[in-house]
Number of protein chains: 2
Amino acid sequence: MQERVPATITQFEERLIDVSDSLPKRLRQCAEYVAANKDRIAVSTVAEMAEGAGVQPSAFMRFCRILGFSGFSEMQRLFRDSYSGGWPDYSTRLKNLREKAEGTPFALLAEFVDVGRASLENLLKTIDAKTLDDAVEALAKAQMIHIIGLRRSFPVASYIAYAFEKMNVPAMLHSGVGGLDNHNAIRPGDVLLAVTFSPYAAETIEMVEAVSSRGIPVVAMTDTIVSPLRKFDAITLSVSEVDFGAFRSLSATLCLAIVLSVAVGTKRSE
Amino acid sequence: MQERVPATITQFEERLIDVSDSLPKRLRQCAEYVAANKDRIAVSTVAEMAEGAGVQPSAFMRFCRILGFSGFSEMQRLFRDSYSGGWPDYSTRLKNLREKAEGTPFALLAEFVDVGRASLENLLKTIDAKTLDDAVEALAKAQMIHIIGLRRSFPVASYIAYAFEKMNVPAMLHSGVGGLDNHNAIRPGDVLLAVTFSPYAAETIEMVEAVSSRGIPVVAMTDTIVSPLRKFDAITLSVSEVDFGAFRSLSATLCLAIVLSVAVGTKRSE
DNA sequence: CGGAATTTGGAATATATGTTCTATTTTGCT
DNA sequence: AGCAAAATAGAACATATATTCCAAATTCCG
């Protein structure tokens, strides 16, 4: 019985198939129940799993052992971690890496590549297809698209402005150069695309507020659902990105920005 | 604080938005972390959630109470019950998504997420650790760092400028606002960080040429080794990004930009 | 600036949950 | 049927985890 412990869900499944032919009654019940309810492993206790399978907890424990784990906890950990890729505390990892002088730039790079990948995967899970459709729809109908995004969000805003220009979409980037406000450039029939992340730039919030009260549609790219933009009835695309200190890996945000640009550009030229 | 306990995820979100305006510091951290990682609640312990939010477990407990639960366990139960598991794993999900949602913005998102991931993976393979070290070294020694990146590279340049500012690194972004050149701001002891990708912006090349001939060190972020910047003896970090149509997913480039910023910022403060 | 109220950190405690052990039952074999 | 080996149930035990409590720090107000 000294097989090595499954390290991935796939290995787990293979092992499950392997053993399931030579199993006594109770353990077979476990195998069948687990096969049919893999997704419950991450969120259940042994007692619950055992009851579901119609066996005693101790029987279920033996079952875990046969699969190669030291116990139920170890098996559960596999499922808990592999759900959502497991990006628990990148920000502390990065902080440590940065503080410890031993962190070479290359190690830092590896870490950030990983963060970016996790963020991208997560993006697919958290973006709601319907909301994305609505956003594209609203922007495609706009006479002119106004873009605002300051400080840490400015790279995103400027990227979108560039992409729109390349796709012949009328757009205006409100960068605040020279402290000019240009609020009056925003007119009925236009749409505002606002990008802001914690700590939210006051100017952005103000602009959304002003524009929203005039009945002009707003599409927002922001983090989480507790963003202050929630107060106004904007179409909100929330992107959660790993950040630490002042830094934010913008992978997911920029990815969404490209998608918006391309989708809107395509739709308008139809 | 005797509100009734949220019975659905939607109610939970509403409650979260309700309270999140009137929350002290630590509890606000909890709210933000939870909003960004709702999916982790089902499979984490209080200790893990607390660590993720950067607070003590006891603080997280108070947070659960404010949301209307008797404790963390009750809140977790809500998420465990409505947990359906996001399997099968990433690659198959992506494939399904693309086939099923063909032509929709969401399919486009899946496409770009994949492109981004590929670019990031590729970055690790193509960046040379030694060159990266040299670049960090050169930038860390600079009196002042001048940053240039125009058109499609501008988001990257502006990101770097922001990051340097936050890390108290003296830096100047040459954005060309108003057609002013500011060549004379670049002085001996300074370093130029140039970002450019095909089709290379003439202004950037010119600046590199001018500066380089004055004996001022240049660090370049560019694509491939055939970039025109090769002519000048700059420290060249080449990033090959996967293109999708006319658009460039900047994931890898921005990732490298963050790494440079953080590494340089850290090194200077040693 | 000083005192009250709130918020916070950390250790102490309670509880739930996983794990092990052993007597008993079942199964397989001759 | 009778014996040995394997499997099982259930209780006892160990550990991980949630929860509470209170002193210290902070913020708020007059």
Side-chain angles (χ1 to χ4, degrees), chain A residues 1-3 5-6 12 16 19-34 37 40-81 83 86 88-89 92 95 199 226, chain B residues 1-2 5-6 12 16 19-34 37 40-81 83:
Chain A
M1 166 129 357
Q2 280 306 352
E3 309 267 346
V5 327
F12 174 88
L16 186 58
V19 299
S20 61
D21 293 326
S22 55
L23 245 34
K25 193 168 156 213
R26 290 284 119 101
L27 297 189
R28 167 167 300 271
Q29 285 173 240
C30 293
E32 276 164 14
Y33 183 74
V34 163
N37 301 281
R40 305 266 22 140
I41 297 175
V43 297
S44 303
T45 65
V46 241
E48 285 163 356
M49 292 302 288
E51 191 188 338
V55 305
Q56 286 284 333
S58 55
F60 201 89
M61 291 292 306
R62 265 177 293 129
F63 172 71
C64 297
R65 285 239 165 90
I66 287 173
L67 253 25
F69 299 98
S70 70
F72 176 70
S73 296
E74 195 176 74
M75 174 166 130
Q76 190 175 53
R77 183 145 40 246
L78 170 63
F79 281 82
R80 288 190 168 175
D81 291 348
Y83 170 73
D89 48 346
T92 41
K95 220 171 282 174
V226 297
Chain B
M1 180 79 40
Q2 278 306 353
V5 327
F12 174 88
L16 186 58
V19 300
S20 63
D21 291 325
S22 56
L23 244 37
K25 190 164 155 223
R26 289 284 117 101
L27 298 187
R28 165 164 300 273
Q29 284 173 242
C30 294
E32 275 163 15
Y33 183 76
V34 163
N37 302 284
R40 289 263 109 204
I41 297 175
V43 297
S44 301
T45 65
V46 243
E48 285 165 354
M49 292 302 288
E51 192 187 338
V55 304
Q56 288 280 337
S58 54
F60 201 88
M61 290 294 304
R62 266 177 290 129
F63 173 71
C64 297
R65 287 238 165 87
I66 286 174
L67 253 26
F69 300 98
S70 69
F72 175 70
S73 296
E74 195 174 70
M75 174 167 129
Q76 189 174 54
R77 185 141 41 246
L78 170 64
F79 282 83
R80 288 194 166 173
D81 290 347
Y83 168 99

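A note on names: the letters A, B, ... follow the listed sequences, proteins ahead of strands, and every chain is numbered from 1. Worth knowing before you read on, the calculation uses all heavy atoms, side chains too, and leaves out hydrogens, waters and symmetry mates.
Atom-to-atom, CD of A:E51 to C1' of C:dG18 comes out at 17 Å; the value is rounded to the nearest Å. Protein atom CD of A:Q76 is 13 Å distant from nucleotide atom C1' of C:dA16, rounded to whole Å. For the pair A:Q29 CD and D:dA7 P, the interatomic distance rounds to 14 Å; values are reported in whole Å. To the nearest angstrom, P of D:dG10 lies 18 Å from CZ of A:F60. A:L23 places its CG atom 9 Å from the P atom of D:dT8, with the value rounded to the nearest Å. Here the C1' atom of nucleotide D:dT8 and the CZ atom of A:F63 are 16 Å apart, to the nearest Å. Here C:dA12 presents its P atom at 14 Å from CD of B:Q56, a figure rounded to the nearest Å. In this structure, the CZ atom of A:R26 is 14 Å from the C1' atom of C:dT24, given to the nearest Å.
Comparing B:R77 and B:K25 against DNA chain C, the residue whose closest nucleotide sits nearer the 5' end is B:K25. Between B:V55 and A:M61, it is B:V55 whose nearest contact on DNA chain C lies nearer the 5' terminus.
Note that the CZ atom of B:R80 and the CZ atom of A:R40 stand 9.5 Å from one another [nearest 0.5 Å]. With rounding to the nearest 0.5 Å, the separation of CD1 in B:I41 from CD in B:E48 is 12.5 Å. Note that CZ of A:R77 and OG of A:S70 are 7.5 Å apart. Values are rounded to the nearest 0.5 Å.
Within 4.0 Å of A:S58, counting heavy atoms only, lies at least one base atom of the nucleic acid.
Candidate nucleotides C:dT19, D:dA18, C:dG9 were compared by shortest atom distance to the side chain of A:S73, and C:dT19 ranks first. Comparing atom distances between the B:R62 side chain and each of C:dG18, D:dA18, C:dT8 picks out C:dT8 as nearest. Considering only side-chain atoms of B:F72, the nucleotide from C:dG18, D:dG10, D:dT19 that sits closest is D:dT19. Proximity note for A:R65 (side chain, C-beta onward) versus C:dT20, D:dA18, D:dG10: the nearest is C:dT20.
More than 12 non-hydrogen atoms from other residues, nucleotides or ligands lie less than 6.0 angstrom from CD of A:E74.
By the 30° and 60° cut-offs, the orientation of the rings of A:F79 relative to A:F12 is perpendicular.
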